[in-house]
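Quantities reported herein were computed from a predicted structural model and do not represent experimental measurements. Here is how names work: the chains are called A, B, and so on, in the same order as the sequence lines, proteins then strands, and each is numbered from 1.
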Amino acid sequence: MHYNPNKIEKKWQKVWEKTGIYKAQDKVSGKENFYHLAMFPYPSGNLHIGHWYNFAPADVYARFKKMLGFNVMSPMGFDAFGLPAENAAIKRGIHPKTWTHENIIKMREQLKSMGNIYDWSREVVTCEPDYYKWTQWLFLQFYKNGLAYKAKVPANWCPSCKTVLANEQAEGGKCERCDSQVIQEEIEQWLFKISSYADELLKDIDNLDWPETTKIMQKNWIGRSEGWQIEFKIKNLKLKIPVFTTRADTLFGCTYIVVAPEHPILKNPNFKFQNPKFIDQYINESKKKTERERISEMQEKTGVELKGIKAINPANGREVPIFIADYVLMHYGTGAIMAVPAHDNRDFDFAKKYNLPVKMVICPNWPKTVCPILDKAYESEGYLVDSDKFDGTSSRDARERIGEWLEKQEKAERKVYYRLKDWLISRQRYWGAPIPMVFFFFFDWQPVSERELPVLLPDVNDYLPTGEGKSPLAKSKKFINTVCPKCGGPAQRETDTMDTFICSSWYYLRYADSSNKKEFASKQKLEAWLPVNMYIGGAEHSVMHLLYSRFFTKALNKMGLVDFSEPFASLRHQGIILGPDGQKMSKSRGNVVDPDEQVKKYGADAVRMYLCFMGPHNQGGPYNPNGLVGISRFLNRAWDLFENPKSEARNSKQIQNFEIQKLLNKTIKKVTEDIENFRFNTAVSALMILINELSQKTYKLDHGSMSTFLLLLAPFAPHMAEELWHSAGNKDSIHNQEWPRYDLKLIEEEKINLIVQINGKVRDKIEAPSGISEKEASDLVIGNEKIKKWLQGKEIKKIIFVPGKLINLVI
RNA sequence: GCCGCGGUGGCGGAAUGGUUUACGCACAACACUUAAAAUGUUGCGGCCGCAAGGCCAUGUGGGUUCGAAUCCCACCCGCGGCACCA
């Protein structure tokens, strides 16, 4: 019989579905639960090869864990709210719900064609009322625990469309729809206080089994900095401007201070500036810049002096000018800085441009103070100069001493700031979960009663945002008008919807108990499964999704709703799949690989296995359909070995059987270790080496050895392994079997290839007993003819011996 | 710009302080075939050489080491993220 993947794959997918072998029971006696999770997809329309690259190797790992004896739960669902559905509605006139549902139906079928271990009975779809009911309920818990608040926050605003734009819709600072200049406008929106968890989020990272690079990125994103908040008085006024600095040691070098264009001092009616026009103009100009443009070190720094007022340096009483400049951000620190051009490059650039004094107060040399002439700021450590009584103090010590000195005078306090901003969750869009809040003029904002959840997303005809910058929900009178939950008076609903990141910040909890109608998930089920044992998804989520999910878990933990404080114990990232040309896949480039076509041609098993084989899983790379034929040949060869043996065994000598047992045991060891470490590519190559050997030599293989091979193959090519397993006469599924074990004794080598180096260059390889000692090795080598040639007339200065590996003669 | 990652044959990659190029693709020769496909066998980094063998090669330049693709420094190129794409 010929290997016909399409036939056997469909057959086994049906059998697995019917027998429900992947349905996870909450408890199986004698087995440990293992919650295995791949990041759920956004229903964009089609499953692309990138999804496969996430899900196929992940499935190999899940199946491996199952065979190792774990009770594995591997659920799947859809992250279904979001902007593209709304765009499709506007562009094609399809309701976002219809568009999303059609995509889900298609993608669900495509997912099933992969033959994965998914337990579909736990599926979650975030845009369904029975899911977002609990998203809203969780919002209310955040609100009740003081973690949700309303504030004015800048957003991309198109003055011509009178609409808030996503960053994606405002690329290059131009509105996607009408090409006008986008400005940053302050709008009242809901935020989550993630910043109050900054310290915990930072501390707990170290204990996670996550890629180090992801941990570093999260740490940098949180961006903790310790320093001092120092007050600068304003001359002749009773006002003070607090500044935050991590370099209090440079205080004597401060030659001006800078406030952000959004700083409250500029809105204070008591201030009479001498140049108000220039100031207003500058504030308006800076609204046109994105934050990234403002802080880019490549961009020329700009600013305007606030003429008519001066600040006083608390260290020496000196008057310094005050500027506004947009390289200072309002949301970081106090929105004001002390500028020390000699020791900060941004300040240095600014000072050069506006001809401000550069005063050096940290010198690398002491006690001979020969300060270098600066062509850029000196940001390193050194010793203080020109700093009164602190002269000669090391800059490190001075940071503390100056801070403490001012603290005694109540002019400074120790402070920690974070780069992490609070999470802006309001979206002025239709396709999201409505924020369950109601406004009544007398009581301000009130939460919707939990009994009334879900606040259903109404049908509207027009998905374009309103001209007042409100979400399309504002067009539905039926939706807006409601009663105040507190007094029953006429009130209005919040029309903003929630950021879809909220939906995806808790979906992994819902899988544990996806059909629960009374709670977001029962404590018992959460305890059975959470935290997720292995989480697999793209590195593009290194910061935002993963940080938000951690925040959610920590907040719910504090509220007593969950018993753990980290959602994902282990994390791995898959890389990005490129087109065959090594470029990013895109329709316009014409290099898109359609997984359905590949499956039709070669079968799901081959596609799965090729994705594993391509290269390191966390690296991604080009998908070349030509390369897949290698896997296809491998599977055919393996198939033939079972179904169409070339000939009766013609040679079953003891020695050869021993050789093959050795290789088999080595392969078990290699494949086991490689899958555990996500090195799927080298696991596959080990299987290839085994099959090459088996099909070349026509060994007479015992039943057990053949079974072992099938068991090793099962996670990679689950359909073919199942088919051959059954045709060998087994009744139970191969996926219920135990993972094979190896015998270390069989793997041990008696002989090694001893590498002989002279001055680190390989000159010979000698077969030697594996336990050879240094003395024996050097005697063997020095007596060797080839080596003698190299040693002629030279003295051996040193011998380096690496047991079991090499000997290096230094001459 | 800031944070993070990567750069090894014609190509995907293996090797993470000790044999550079495992495994696979492509290519070439041979076998089978009337022929082709499929399959199998062998070869396959560059230069010199009939060969034995030698020299050179892991983005570029420098350093550490008996020994560096691997560690350190500087640079070049590519990729991911940067808070309203998900």
Side-chain angles (χ1 to χ4, degrees), chain A residues 39-42 44 79 81-84 87 155-156 164-170 189 194 211-221 223 290-299 331 419-429 499-501 503-504 538-545 547-548 573 575-576 578 580 582 584 610 613-616 618-631 633-634 636-637 640 646 679 681-682 684-689 692 695-696 753-762 764-765 786 797-800 802 805-811:
Chain A
M39 289 179 186
F40 66 166
Y42 178 77
S44 50
D79 184 16
F81 273 136
L83 192 61
N87 288 339
N156 296 319
V164 177
L165 299 171
N167 285 342
E168 194 185 48
Q169 301 170 305
Q189 318 207 53
I194 190 173
E212 280 310 311
T213 61
T214 305
K215 293 186 184 180
I216 292 168
M217 275 195 267
Q218 288 216 352
K219 283 183 185 175
N220 291 339
W221 184 269
T290 62
E291 184 174 316
R292 214 180 302 173
E293 283 167 344
R294 282 173 57 168
I295 58 175
S296 165
E297 287 191 8
M298 290 307 266
Q299 295 255 333
H331 64 74
R419 205 185 71 102
L420 180 66
K421 292 187 265 187
D422 273 344
W423 177 9
L424 182 121
I425 61 137
S426 288
R427 296 292 180 272
Q428 291 70 42
R429 301 188 199 290
D499 179 6
T500 54
F501 270 123
C503 309
S504 58
E540 67 273 21
H541 294 294
S542 289
V543 176
M544 302 184 72
H545 162 61
L547 195 66
Y548 292 147
H573 296 303
I576 292 173
L578 306 171
K584 218 174 173 177
Y610 179 58
F613 181 62
M614 273 176 29
N618 62 7
Q619 205 177 285
Y623 183 101
N624 190 346
N626 295 333
L628 191 133
V629 304
I631 294 289
R633 281 177 194 152
F634 162 79
N636 273 298
R637 221 176 285 164
D640 285 344
K646 261 183 284 186
R679 291 191 298 247
N681 54 335
T682 47
V684 173
S685 93
L687 290 174
M688 285 175 166
I689 291 168
N692 287 347
S695 52
Q696 250 176 35
N753 247 343
L754 185 73
I755 307 305
V756 185
Q757 293 185 339
I758 291 171
N759 287 343
K761 289 202 171 195
V762 179
D764 203 7
K765 295 160 200 178
K786 262 190 205 165
K797 289 180 190 145
K798 201 170 168 187
I799 295 176
I800 284 134
V802 183
K805 228 167 210 170
L806 69 79
I807 182 159
N808 184 17
L809 309 179
V810 185
I811 56 174

At a cut-off of 3.5 Å, list every protein nitrogen or oxygen paired with a nitrogen or oxygen from nucleotides 71-76 of chain B, distance to 0.1 Å.
none

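- Across B/A52 and B/C5, the matching P atoms stand 45 Å from one another, rounded to whole Å.
- The closest side-chain heavy-atom distance from A/Asp499 to A/Trp423 is below 4.5 Å.
- The distance between atom NE2 of A/His573 and atom C1' of B/G6, rounded to the nearest whole Å, is 15 Å.
- The partner of B/G10 is B/C25, judged by Watson-Crick or G-U wobble contacts that both fall below 3.5 Å.
- Nearest-nucleotide mapping onto RNA chain B: of A/Asn220 and A/Arg637, the residue sitting toward the 5' end is A/Asn220.
- B/C23 and B/A36: their C1' atoms are spaced 29 Å apart (whole Å).
- A/Asn759 has its side chain within reach of A/Val810: a pair of non-hydrogen atoms, C-beta onward, lies under 4.5 Å apart.
- The distance between atom CG of A/Asn618 and atom C1' of B/C79, rounded to the nearest whole Å, is 13 Å.
- As rounded to whole Å, 10 Å separates atom P of B/G24 from atom CD1 of A/Ile631.
- Partners of A/Arg429 by salt bridge (charged side-chain N to carboxylate O under 4.0 Å, His left out), not counting sequence neighbours: none found.
- For the P atoms, the distance linking B/U60 with B/G10 amounts to 14 Å, nearest Å.
- In this structure, A/Asp764 atom CG and B/G53 atom C1' are separated by 12 Å, rounded to whole Å.
- Considering only heavy atoms from C-beta on, A/Pro625 comes within 4.5 Å of A/Pro580 through its side chain.
- A perpendicular orientation is assigned to the rings of A/His545 and A/His541, their planes being inclined by more than 60° (bins at 30° and 60°).
- Side-chain atoms of A/Ile631 and A/Met688, non-hydrogen and from C-beta on, do get closer than 4.5 Å to each other.
- To the nearest angstrom, C1' of B/C2 lies 19 Å from NZ of A/Lys219.
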task = Before giving the answer on side chain to side chain contact (heavy atoms under 4.5 Å, CB included), spell out for A/Leu806 and A/Val756 the whole-Å C-alpha distance, their side-chain angles and the decisive distance to 0.1 Å.
result = CA-CA 6 Å; A/Leu806 69 79; A/Val756 185; over 6 Å; no
Pairwise N/O distances under 3.5 Å, protein to nucleotides 9-19 of chain B:
unit_1: B/G12; atom_1: O2'; unit_2: A/Met614; atom_2: O; d: 2.8
unit_1: B/A14; atom_1: OP1; unit_2: A/Asn681; atom_2: ND2; d: 2.6
unit_1: B/G18; atom_1: N2; unit_2: A/Gln757; atom_2: OE1; d: 3.1
unit_1: B/G18; atom_1: N2; unit_2: A/Asn808; atom_2: ND2; d: 3.3
unit_1: B/U19; atom_1: O2; unit_2: A/Lys765; atom_2: NZ; d: 3.0

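- Rounded to a whole angstrom, the distance from the P atom of B/C79 to that of B/C84 is 25 Å.
- Within the structure, a side-chain polar atom (N or O) of A/Arg633 is placed less than 4.0 Å from OP1 or OP2 of B/C25.
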request  = Quick one, give me the B/S/- string for nucleotides 81-86 of chain B, reading 5' to 3', where B means a protein heavy atom under 4.0 Å from the base and S means that only happens at the primed atoms, P, OP1 or OP2.
outcome  = SBBBSB
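- Comparing B/U42 with B/G46, their C1' atoms are spaced 22 Å from each other, to the whole Å.
- Between the CD1 atom of A/Ile811 and the P atom of B/G67 there is a distance of 13 Å, rounded to whole Å.
- Taking the P atoms as reference points, B/C77 lies 28 Å from B/A68, given to the whole Å.
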message = Apply salt bridge (charged side-chain N to carboxylate O under 4.0 Å, His left out) to residues A/Glu291 and A/Arg294 and explain how you reach the verdict.
response = CA-CA 5 Å; A/Glu291 184 174 316; A/Arg294 282 173 57 168; over 6 Å; no
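- Inspection of the A/Asn692 and A/Arg637 side chains reveals an N or O donor paired with an N or O acceptor under 3.5 Å.
- Under the 4.5 Å side-chain criterion, counting only non-hydrogen atoms from C-beta, A/Val684 is not in contact with A/Tyr610.
- No donor-acceptor distance shorter than 3.5 angstrom exists from the side chain of A/Ser296 to the backbone of A/Glu293, with no hydrogens or angles considered.
- Across the strands present, B/C5 finds its partner in B/G78; the criterion is a Watson-Crick or G-U wobble pair with both atom distances under 3.5 angstrom.
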request  = Go through the steps for A/Gln169 and A/Asn87 under the test side chain to side chain contact (heavy atoms under 4.5 Å, CB included), then give the verdict.
outcome  = CA-CA 11 Å; A/Gln169 301 170 305; A/Asn87 288 339; 4.2 Å; yes
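- Only the C1' atoms considered, B/U58 is 30 Å distant from B/A51, to the nearest whole Å.
- Its glycosidic angle being more than 90° from 0, B/G61 falls on the anti side.
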Output a table of nitrogen or oxygen pairs between the protein and nucleotides 56-60 of chain B separated by less than 3.5 Å.
unit_1: B/C56; atom_1: OP2; unit_2: A/Lys761; atom_2: NZ; d: 2.9

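- Nucleotides B/C72 and B/G17 have their C1' atoms positioned 13 Å apart, rounded to a whole Å.
- A/Leu687 places its CG atom 18 Å from the P atom of B/A22, with the value rounded to the nearest Å.
- For A/Trp221, the ring-ring contact (aromatic ring centres under 6.0 Å, His included) criterion is met by no residue, not counting sequence neighbours.
- Atom-to-atom, CD1 of A/Ile758 to P of B/C55 comes out at 11 Å; the value is rounded to the nearest Å.
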